[in-house]
2 protein chains.
Amino acid sequence: MVRPTMEDVALRAGVSRALVSLVMRGSPKVSEMRRTAVLKAAEELGYSPHAMARSLASRTSTVLGVMVSDLHNAFFAEVVDGIDEVAREQGFDIIINTGGRSPARERRALESLLSFRPAGLILLSPVVPATAIGKAAEQLPIVLVARSSRVSTVDTVNDDGEQGARLAVDHLVSLGHKRIAHLDGGEGTQAGPRRRGYVTAMEAHGLAPQVVSSEYTDAAGARAIRSLIADGSLPTAILSCNDFNAVGAISALEDAGLRVPADVSVVGYDNTSLAALRHVSLTTIDQPRAEFGRLAALALLQRVRDERTDPVRHLLNPSLVVRNTTAPPGGLR
Amino acid sequence: MVRPTMEDVALRAGVSRALVSLVMRGSPKVSEMRRTAVLKAAEELGYSPHAMARSLASRTSTVLGVMVSDLHNAFFAEVVDGIDEVAREQGFDIIINTGGRSPARERRALESLLSFRPAGLILLSPVVPATAIGKAAEQLPIVLVARSSRVSTVDTVNDDGEQGARLAVDHLVSLGHKRIAHLDGGEGTQAGPRRRGYVTAMEAHGLAPQVVSSEYTDAAGARAIRSLIADGSLPTAILSCNDFNAVGAISALEDAGLRVPADVSVVGYDNTSLAALRHVSLTTIDQPRAEFGRLAALALLQRVRDERTDPVRHLLNPSLVVRNTTAPPGGLR
DNA sequence: CTACAGCATTGGAGCGCTCCAACCAATAGA
DNA sequence: TCTATTGGTTGGAGCGCTCCAATGCTGTAG
């Protein structure tokens, strides 16, 4: 249970501690002979460098901290994939911490991440107040994903929710739909842009928007549909605020004896793995998640290397994924 | 961008560095007067302790490393919740790293985690070879979740897959089913115990087991069903190796004009959030995921504190969650 | 044969912290 | 009055490493 140090390796290889340090950092100014001797000794002892001591001594860090607001959401997993890809190829490690959607726990996660003095921080859809982010931004570079900010030292990466909603409306209109309702995400992140995009697109087509208050869950989607049916105001197409909501909507429609897409078309948002299941096969809007992560990591590393001081605001284009929940209205297919 | 050190706080509070250290660690042998003075100075400077320097100096760590083999799987998120809960209440922080299901990447993640010299490591369903785990176990305490091990210095937490399969079979038999097929998980983790449990339970009921080779995906589940239909060997009930497989099976059954559960009953395994969707509403086997995490953290902390040296092998009981995909055979309901 | 590069190698200082032995009143006991 | 004892406080050493200035060593030019 006691790990060997550089000193041990140096002793065994018959060189100085400083030389071992050079070898470990891949310095070119070490003779081939010594290098192999050191590596051999390290191997035999099972030595691996102590990242914290290194970071302490060098006053630099090769660690990027990532705060994931909700580990349960697969959305973030793909963003992390993108971050990891870029970080790794540039010689950085990442450490993840999770906030569990609670501001208090998230704050603690932030504190914990900060105590490792990472080179920078990427926050995925954080729920902590902007002031907490601003304070952290005084200590190290920070990039926000799926959350906007006006702080000039903070970079952001977001999807263009307005455009995504527009894509969905355009698709439905091109199929011949005229009555299209939007099940709104309420307070949820990104719900605002999606709603705005929907309204704008409808008006651009000369159609009347119909916004129905709802939430990011399948139960809420089902509830919204039932109320529309009760009202007698059920349209021929539905644009849900996200995939879960859409799946709930579909299930309520089927419960009411309506067929999807023959009687009613449904479009989701996010292209979660759920949407891709053949049993669901949901037409939805895809966000370039891995690209979010890549751009976030790239932006962060630029700051870390002092290559840039102006803030970057990425707004990525979502795309439409057509599956089997959309068709022309009235079973015309 | 430059963080204050203990020295700065000491200077400002007019005390020694050692005294600040005592205050930061909440020592009782500090006069109230000095304590408040130090805390005030720290607050004004925005000081927070440097975790790495602390850990280096104290030769101890309050960090638990967690390696998640696949961040995309919500299963692990709940395990992490359990770990986090216990760790936090015992004054430990956790840092997470992901292996992305690839042994090479996982190895790197392990290396990275190790370089922080955490107090211990929890590996969630790791895919690295046992030797790599054994080697790491020489350096610090390790707990494995959803993977077994024979190494005596490593603790494990698993679900009792045999019992879970038995629960499912018992449920179907009690509904009146006699022909029950198992869509097998093949090489997948935990597929073995589930298959064994199924076979044992069938034989205990005097029924003939029918194991169909399949995989942990919805496409594989659908494929298996199609081949059963083509064979003319479709039973009245299906026990899938996991929820995804079950959903694929359901969709293939419906495509073939069969109703679930009226014509065929289907049981999944894992109780993922997918199963709970009303559109799916899958009868399935639930594993106490948060409990996995809690027990893993507890076991690890015992080792960390040298309270135990004998290995612990937790085998948790799964439970049956009845939803709407199971009913008596032949539409007798 | 000396001088001077150029290169590989090394000891020492120091990163921010903890820990320990020593220290310093102030009070208690003899 | 002198010595113990106690509670609060302090300087110094050292954790494992990096960085820097200095050192030794070749080989080549003068």
Side-chain angles (χ1 to χ4, degrees), chain A residues 1-39 41-42 45-63 91 93 114-119 139-140, chain B residues 1-39 41-42 45-63 91 93 114-119 139-140:
Chain A
M1 288 276 171
V2 59
R3 306 199 59 173
T5 78
M6 240 176 205
E7 200 71 52
D8 300 324
V9 177
L11 222 64
R12 179 173 252 263
V15 299
S16 72
R17 196 189 57 254
L19 208 256
V20 177
S21 173
L22 288 174
V23 172
M24 286 304 153
R25 283 174 290 143
S27 162
K29 38 201 226 163
V30 177
S31 67
E32 209 45 52
M33 195 192 78
R34 308 270 187 166
R35 179 188 308 281
T36 52
V38 166
L39 289 175
L45 291 172
Y47 170 81
S48 79
H50 191 315
M52 306 171 109
R54 165 177 291 181
S55 146
L56 186 60
S58 66
R59 270 139 288 192
T60 62
S61 168
T62 58
V63 173
D93 278 322
L114 245 30
S115 77
F116 286 98
R117 302 289 192 275
Q139 307 190 348
L140 39 40
Chain B
M1 287 274 173
V2 61
R3 304 198 62 171
T5 78
M6 240 176 205
E7 199 72 53
D8 301 323
V9 177
L11 222 65
R12 179 173 250 262
V15 299
S16 72
R17 195 189 58 254
L19 207 256
V20 177
S21 173
L22 288 174
V23 172
M24 286 303 152
R25 282 174 291 142
S27 162
K29 37 197 223 160
V30 176
S31 67
E32 209 44 52
M33 194 192 79
R34 307 271 188 166
R35 180 188 307 283
T36 52
V38 166
L39 289 175
L45 291 172
Y47 171 82
S48 80
H50 191 314
M52 306 169 106
R54 166 177 290 180
S55 147
L56 186 61
S58 66
R59 269 139 289 192
T60 63
S61 168
T62 58
V63 173
D93 278 322
L114 246 28
S115 78
F116 286 97
R117 300 292 191 275
Q139 308 191 346
L140 38 40

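A quick note: this is a predicted structure, and the numbers were derived from the prediction, not measured. By convention in this document, chain letters (A, B, ...) are assigned in the order of the sequence lines, proteins followed by strands, and residues within each chain are numbered from 1.
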Student: To the nearest angstrom, how far is A:D8 atom CG from D:dC15 atom P?
Tutor: 11 Å
Student: Please state how far atom CG in B:L45 lies from atom P in C:dG16, giving the value in whole angstrom units.
Tutor: 14 Å
Student: Provide, to the nearest angstrom, the distance between the CG atom belonging to A:L11 and the C1' atom belonging to D:dG16.
Tutor: 15 Å
Student: Measure the CZ-CE distance between B:F116 and B:M52 for me, rounded to the nearest 0.5 Å.
Tutor: 5.0 Å
Student: Does anything in residues 13-28 of chain A reach DNA chain D, meaning a heavy atom under 4.0 Å, and if so which residues?
Tutor: A:R17, A:A18, A:S21, A:R25
Student: Can you tell me how far P of D:dG14 sits from NE2 of A:H50, to the nearest Å?
Tutor: 18 Å
Student: Rounding to an integer number of Å, can you tell me how far B:E32 CD sits from D:dG7 P?
Tutor: 16 Å
Student: What's the CZ-P distance between B:R59 and C:dG16, to the nearest Å?
Tutor: 18 Å
Student: Can you identify which nucleotide, out of D:dG16, D:dG8, C:dG16, has its nearest atom closest to the A:A53 side chain?
Tutor: D:dG16
Student: For the side chain of A:S55 and the backbone of A:A51, is there at least one donor-acceptor N/O pair under 3.5 Å apart?
Tutor: no
Student: Tell me: CZ of A:R35 to C1' of C:dA8, nearest whole Å?
Tutor: 12 Å
Student: Distance from B:M6 atom CE to B:L11 atom CG, nearest 0.5 Å?
Tutor: 14.0 Å
Student: Are the side chain of A:R34 and the backbone N or O of A:A13 linked by a donor-acceptor pair below 3.5 Å?
Tutor: no
Student: For a quick test of reading the model: is some side-chain N or O of B:S31 closer than 4.0 Å to OP1 or OP2 of D:dG7?
Tutor: no
Student: Within less than 4.0 Å of OP1 or OP2 of C:dT18, is there a side-chain N or O belonging to B:R54?
Tutor: yes
Student: Nearest to the B:L56 side chain among D:dT10, D:dC15, D:dC17, which nucleotide is it?
Tutor: D:dC15
Student: Any donor-acceptor pair under 3.5 Å linking the side chain of A:T36 with the backbone of A:E32?
Tutor: yes
Student: Among D:dG14, C:dC15, D:dT9, find the nucleotide with the atom closest to the side chain of B:V30.
Tutor: D:dT9
Student: Roughly how many Å is it from CE in A:M52 to P in D:dC17, rounded to a whole number?
Tutor: 13 Å
Student: Supply the atom-to-atom distance B:D93 CG to A:S115 OG, rounded to the nearest 0.5 angstrom.
Tutor: 6.0 Å
Student: Test your reading of the model: is there a side-chain donor-acceptor pair from A:R35 to the backbone of A:S27, 3.5 Å cut-off?
Tutor: yes
